[in-house]
Amino acid sequence: MSTSSSSSCALSPSLRTQLFKPFPNRFYPHRSKCEMNRRGFAFRGIVASGVSVMGSSLVTEPVQGVERLPFKPEGYNFWTWRGHRIHYVVQGEGFPVVLIHGFGASAFHWRYNIPELAKRYKVYAIDLLGFGWSDKAIIEYDAMVWRDQVADFLKEIVKEPAVLVGNSLGGFTALVAAAGLPAQVVGVALLNSAGQFGNANSKTKETEETPLQKLIIKPLKEIFQRIVLGFLFWQAKQPARIKSVLKSVYINASNVDDYLVESITRPAADPNAGEVYYRLMTRFMFNQSKYTLDSVLSELSCPLLLLWGDLDPWVGPAKANRIKEFYPKTSLVNLQAGHCPHDEVPELANRALLDWLSSINT
């Protein structure tokens with residue numbers, strides 16, 4: 001395993017810690033390579049929304065020497081939570097390890113990790129509500145919704161203490177769930193986690209809406225957002241766009257294959273996928289500041305592993321270093337990979353996870 005001190009294009013600290021930037025600046029013809037990376041960053045959430053136009057034939061060969069979870073278009077197992085169908089995969093026997101995917105992905109994003117980890121542990125991979133093979137519920141999405149989903153999954157399906165492992169959005173979900181369940185979560189592993197540290201100097205001021213804002217400005221703003229996001233939703237239906245976004249964050253793009261693309265696009269064929277995408281982009285992502293890494297880490301008590309792809313153009317190594325400084329019970333493993341090290345370099349990620357799991361008190 002090797003260490004990298006920076007990503008290929010220097011991003012501002014605020015951009016590194018930002019989870020999503022919903023609206024890319026598309027209207028300036030002269031853009032540097034760094035600006036194009038920022039534009040790709042803005043398209044992160046779009047991968048989740050395209051309707052599949054890919055064929056069902058998954059012809060790309062898996063990573064040599066690494067077992068891969070079979071792709072099942074119908075999904076694996078389902079659990080009913082608050083009236084919604086929740087998809088999950090379970091394999092192996094032993095101490096439970098729960099894997100939580102990132103924005104736009106699903107349990108299938110852990111395709112190279114589930115079989116290997118299941119040789120020693122009982123491995124669960126869950127689809128968060130609104131993603132993957134889980135229902136695309138028309139609700140007000142909030143980080144606490146996924147926290148509650150994971151908490152209830154531990155209580156109703158896992159039924160014993162477990163380790164949570166999360167990538168990107170799934171990482172922050174794992175942190176929030178673990179902070180509230182100290183007796184049920186004995187360790188957390190984050191792979192290029194979402195979330196941002198709070199700004200101690202900023203103060204949020206809530207002002208009452210004027211009649212003009214409520215009756216005219218707010219409706220016009222929503223119409224504009226729907227037009228822009230509708231266009232981005234349409235763009236995301238193109239297979240070339242899906243692969244382009246993925247390749248921008250996989251430093252080694254050999255694993256950007258038909259399996260991966262279909263696992264992202266197929267769930268978006270759900271009739272509610274577009275509305276879920278709109279709600280996530282406009283309501284959840286614009287209101288992240290009230291859930292900060294420092295506030296969550298202050299409540300955490302279990303061991304923490306940071307398994308970080310140092311070449312991630314979205315969430316660079318500076319965040320991992322800051323988390324380690326803030327939370328003393330942290331182990332840090334740096335990998336030469338992008339935003340999804342578990343899928344890009346699965347053999348290294350699996351080895352690091354297994355080493356860490358064997359070192360904590362399970």
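The structure displayed is predicted, hence computed values, not measured ones.
Because its NZ or CZ atom is not both nearer than 6.0 Å to the ring centre of Y141 and within 45° of the ring axis, R279 does not count as a cation-pi partner of that residue.
Atom CZ of F326 sits about 3.5 Å away from atom OG of S298, to the nearest 0.5 Å. We find the CG-NE2 distance between L260 and H109 to be 5.0 Å, quoted to the nearest 0.5 Å. To the nearest 0.5 angstrom, R351 atom CZ is 10.0 Å from L335 atom CG. Taking CD1 of I86 as the reference point, atom CG of N77 lies at 13.0 Å (rounded to 0.5 Å). The distance from atom CG of L69 to atom CD1 of I114, rounded to the nearest 0.5 Å, is 5.0 Å. In this structure, D257 CG and K243 NZ are separated by 8.0 Å, a value rounded to the nearest 0.5 Å.
Not counting sequence neighbours, the partners of D343 by the salt bridge (charged side-chain N to carboxylate O under 4.0 Å, His left out) test are R111. Under the rule for a side-chain hydrogen bond (donor to acceptor under 3.5 Å, both in side chains), R120 has no partner lying at least two apart in sequence or in another chain. Remark: W110 engages H342 in a ring-ring contact (aromatic ring centres under 6.0 Å, His included) (not counting sequence neighbours).
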### Task
List the steps, then state whether side-chain contact (heavy atoms from CB on, under 4.5 Å) holds for L305 with S331.
CA-CA 5 Å; L305 170 67; S331 302; 4.0 Å; yes
### Query
For L154 and L164, what are the C-alpha separation, side-chain angles and deciding distance, and is it a side-chain contact (heavy atoms from CB on, under 4.5 Å)?
CA-CA 10 Å; L154 291 174; L164 301 182; 4.2 Å; yes
### Message
Walk me through whether D148 and R82 qualify under side-chain contact (heavy atoms from CB on, under 4.5 Å).
### Response
CA-CA 10 Å; D148 293 347; R82 297 183 180 179; 3.4 Å; yes
### Task
Test V315 against S168 for side-chain contact (heavy atoms from CB on, under 4.5 Å), laying out the working first.
CA-CA 9 Å; V315 187; S168 194; 5.9 Å; no
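Under the 4.5 Å side-chain criterion, counting only non-hydrogen atoms from C-beta, L300 is not in contact with V185. Side-chain contact between Y327 and L306 is absent, with no heavy atoms from C-beta onward closer than 4.5 Å. Taking the side chain as every heavy atom from C-beta outward, N321 and L332 approach each other to under 4.5 Å. Using a 4.5 Å heavy-atom cutoff, the side chains of F103 and L280 are in contact. For the pair V296/Y291, no side-chain contact is recorded, criterion being any heavy-atom separation below 4.5 Å from C-beta on. By the 4.5 Å heavy-atom criterion applied to side chains, N167 and C340 are counted as neighbours. Under the 4.5 Å side-chain criterion, counting only non-hydrogen atoms from C-beta, L304 is in contact with I323. Side-chain contact between P341 and N192 is present, with heavy atoms from C-beta onward closer than 4.5 Å.
In this structure a side-chain-to-backbone donor-acceptor pair under 3.5 Å is present from Q149 to L129. Under the 3.5 Å distance criterion, the side-chain polar atoms of H101 are matched with a main-chain donor or acceptor of L128. Here the side chain of N252 pairs a donor or acceptor atom with the backbone of S254 at under 3.5 angstrom. Remark: the backbone N or O of D310 is not paired with any side-chain donor or acceptor of N334 at under 3.5 angstrom. Put simply, the side chain of E344 gets close to the backbone of G338: a donor and an acceptor are under 3.5 Å apart. Using modelled atom types, one side-chain atom of K319 and one backbone atom of G195 make a donor-acceptor pair closer than 3.5 Å. Side chain of S193 to main chain of F172: a donor-acceptor pair is present (N/O by atom type, distance under 3.5 Å, no hydrogens or angles). The main-chain N or O of F197 is never found under 3.5 Å from a side-chain atom of D294 such that the two would form a donor-acceptor pair.
Of all the heavy atoms in V249 and P313, the pair that sits closest is CG1-CG, 3.8 Å. Scanning all heavy atoms of the two residues, the minimum distance from V333 to A352 falls at CG1-CB, 4.2 Å. Closest approach of L293 and A194 over heavy atoms only: CD2-O, 4.0 Å.
A distance of 6.0 Å or more separates the ring centres of Y76 and W133. Proximity of the aromatic rings of W79 and F153 is defined here by a centroid distance below 6.0 angstrom, and this criterion is met.
Ring planes of W146 and F131: tilted class, angle from 30 to 60°.
Within a 6.0 Å radius of NZ in K329, more than 12 heavy atoms belonging to other residues, nucleotides or ligands are found.
Looking at S134 and H84, their side chains never bring a donor and an acceptor atom within 3.5 Å of each other.
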